[in-house]
Amino acid sequence: MTSFAQHNFANQKALIRVDFNVPLDKQTLAITDDTRMTAAIATIKKVLNDGGSVILMSHLGRPKDGPEDKYSLKHIVKHLHSLLNDDGKTTNVFFANDCIGDQANTTASMLKPGEVLLLENLRFYKEEEKGDADFAKKLASLGDVWINDAFGTAHRAHASTAVIAQFFAPENRFFGLLMDAEVAAAEKVLHKADKPFTAIIGGAKVSDKIMIIENLLDKATDIIIGGGMAYTFMKAQGGKIGNSLCEDDKLEMALDLLKKAADKGVNIHLPSDSIIADSFSNDANKSTAPSNNIQDGWMGLDIGPMACEQFTNILHHSKTILWNGPMGVFEMSSFQHGTKAIATAVAEATVNGAFSLVGGGDSVAAVNLFGFADKVSYVSTGGGAMLEYFEGKELPGIAAVK
Ligand code: 3PG
Ligand code: MG
């Protein structure tokens with residue numbers, strides 16, 4: 001691997017794997033959140049400014065069986081064009097209806113310095129997810145160099161994210177600027193964290209977060225657990241959780257995690273109280289209860305006021321913060337207070353000098369919703385990729401570039 005910043009891409013065709021798997025409105029197919037696109041623009045512009053040309057490849061959604069209009073990357077071409085032409089330059093953006101084959105080959109070969117070609121959704125071919133080497137080779141033939149800037153897809157060992165690497169000499173493989181920034185932020189938290197280091201882990205299911213918690217037990221000083229998963233811990237300790245979410249087959253494992261944490265001297269913080277509701281609805285009747293004493297017919301849908309204060313206090317004393325997963329059902333206005341309180345506390349800690357990294361689809365959506373994205377140190381574009389990174393795994397899309 002060569003340093004992207006130091007390389008001059010003049011007269012080269014750079015094949016860049018980006019993660020333009022952006023959410024689209026179901027009816028209009030308009031982009032509802034373009035974070036992943038804006039995050040890749042610096043890499044693209046650096047190649048163009050050097051006098052190179054760019055061939056972009058990405059997936060969009062999870063098409064099952066070949067091309068499907070709603071998953072076509074043609075829906076994002078116009079927006080890509082506007083993002084690349086916001087500085088008075090004229091950058092041509094072409095689109096190939098198929099990521100391999102004659103049209104892609106011809107358009108790529110005729111691409112002039114400063115021009116961009118976006119290829120159609122890679123996942124219209126089964127070969128992409130299978131990591132098929134022949135398919136990867138066809139893609140590779142389009143470019144002189146391969147740049148992986150798709151951090152959000154780095155946990156997939158697919159043709160375009162990993163298998164393709166073998167068709168480029170090490171000096172022609174690069175991390176893009178987004179990949180560099182993601183890895184630097186994650187490494188800072190995992191290996192260079194100033195203490196106290198608090199991890200906030202939320203979301204619905206414990207089962208999704210076991211491995212990240214296990215890995216963090218060797219790194220964090222404090223772990224805050226919120227969201228639906230907290231009730232599995234409550235029940236495991238003999239609490240009454242009413243109709244709250246619970247993974248009954250994970251009770252023992254929850255106790256085991258608590259024991260391991262105690263053995264390692266890591267403080268686990270569970271929400272002392274909850275906002276409870278008599279149905280899973282924004283208009284439900286609401287009340288407050290201790291998280292371990294919720295009556296039948298009621299369920300915890302957010303952390304309560306005491307928990308907000310308890311968690312805010314911990315965060316205000318933290319020097320490093322990792323946040324993955326919301327504290328409650330923040331999509332419903334009645335149950336977003338806890339997640340908002342945590343976002344506020346993370347922002348305040350950041351102003352006071354803490355390094356804060358937010359990642360994982362839902363917590364990122366939350367900081368965006370509450371307007372805190374520019375008040376934390378780093379917002380990751382990775383959901384599953386970020387989670388696996390913090391589970392301590394080596395991501396195929398990162399290993400392949402090296
Ligand atoms: C994501 O959004 O998680 C990435 O783009 C990867 O997509 P996938 O989960 O469908 O592999
Ligand atoms: Mg995913």
Side-chain angles (χ1 to χ4, degrees), residues 16-26 29 31-41 43 56-68 70-73 75-76 79-80 99 118-132 135-136 139 147-164 175-176 178-179 181-183 185-186 201-205 207-209 211-212 323-326 357-368 373 379-391 393-401:
I16 312 182
R17 179 44 157 114
V18 286
D19 186 341
F20 284 175
N21 184 25
V22 290
L24 302 183
D25 181 274
K26 280 198 179 63
L29 297 178
I31 300 162
T32 54
D33 180 350
D34 71 348
T35 310
R36 283 179 164 178
M37 293 179 72
T38 54
I41 295 299
T43 298
L56 296 172
M57 51 179 180
S58 179
H59 73 287
L60 177 65
R62 292 177 174 172
K64 295 261 170 314
D65 200 13
E68 255 182 278
K70 67 173 175 184
Y71 293 126
S72 173
L73 281 165
H75 303 302
I76 70 155
H79 190 58
L80 175 64
C99 63
L118 173 67
L119 304 176
E120 180 57 288
N121 195 341
L122 297 160
R123 290 192 185 171
F124 285 170
Y125 286 87
K126 289 250 175 300
E127 288 85 344
E128 164 64 359
E129 287 174 79
K130 283 190 183 138
D132 183 88
F135 177 69
L139 293 170
I147 300 169
N148 194 357
D149 213 19
F151 179 74
T153 325
H155 57 318
R156 307 291 184 214
H158 293 173
S160 67
T161 62
V163 178
I164 196 168
F175 279 156
L178 173 62
M179 191 70 113
E182 293 273 4
V183 170
I201 307 293
K205 284 159 73 189
S207 48
D208 290 340
K209 304 289 163 93
M211 297 215 295
I212 189 171
W323 184 11
N324 178 284
L357 192 164
V358 184
D362 285 346
S363 25
V364 172
V367 293
N368 285 332
V379 179
S380 176
T381 56
M386 194 260 190
L387 195 61
E388 290 195 23
Y389 203 112
F390 281 92
E391 287 172 353
K393 291 184 186 146
E394 181 163 49
L395 307 187
I398 292 178
V401 181

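In listed order, ligands and their atoms are each counted from 1. All residue numbers refer to positions in the sequence shown, counting from 1.
Among Glu127, Glu129, Glu128, the one residue that satisfies the side chain to side chain donor-acceptor pair (under 3.5 Å) test with Ser160 is Glu128.
Under a 4.0 Å criterion applied to the non-hydrogen atoms of Gly152, ligand 1 contributes the atoms 4 (C), 6 (C). Distances below 4.0 Å separate heavy atoms of Arg123 from the following atoms of ligand 1: 7 (O), 8 (P), 10 (O), 11 (O). Atom numbering of ligand 1 starts at 1 in the shown order; those under 4.0 Å from a heavy atom of Asn21 are 1 (C), 2 (O), 4 (C), 5 (O), 7 (O).
A donor-acceptor contact shorter than 3.5 Å links the side chain of Asn148 to the backbone of Gly397.
Looking only at side-chain heavy atoms (C-beta outward), Ser380 and Phe151 come within less than 4.5 Å of each other.
Using a 4.0 Å cutoff on heavy atoms, Gly384 does not count as a contact of ligand 1. Heavy atoms of Arg36 approach ligand 1 to within less than 4.0 angstrom.
Residue Asp65 places its CG atom among 12 or fewer non-hydrogen atoms of other residues, nucleotides or ligands, all under 6.0 Å distant.
Heavy atoms only, all atoms of each residue included: Leu118 and Leu73 are closest at CD2-O, 3.8 Å. Nearest heavy atoms, Phe20 versus Ala40: CE2-CB, 3.9 Å.
Annotation: the span from Met179 atom CE to Thr43 atom OG1 amounts to 10.0 Å, rounded to 0.5 Å.
The protein atom (non-hydrogen) at minimum distance from atom 9 (O) of ligand 1 is Arg62 NH2, 2.7 Å. Remark: minimum distance from atom 11 (O) of ligand 1 to any protein heavy atom is reached at Arg156 NE, 2.6 Å. The single protein non-hydrogen atom nearest to atom 7 (O) of ligand 1 is His59 NE2, 3.2 Å, given as residue, atom name and distance.
The heavy atom nearest to atom 5 (O) of ligand 1, considering only Thr161, Asp19, Leu387, Thr381, is found in Asp19.
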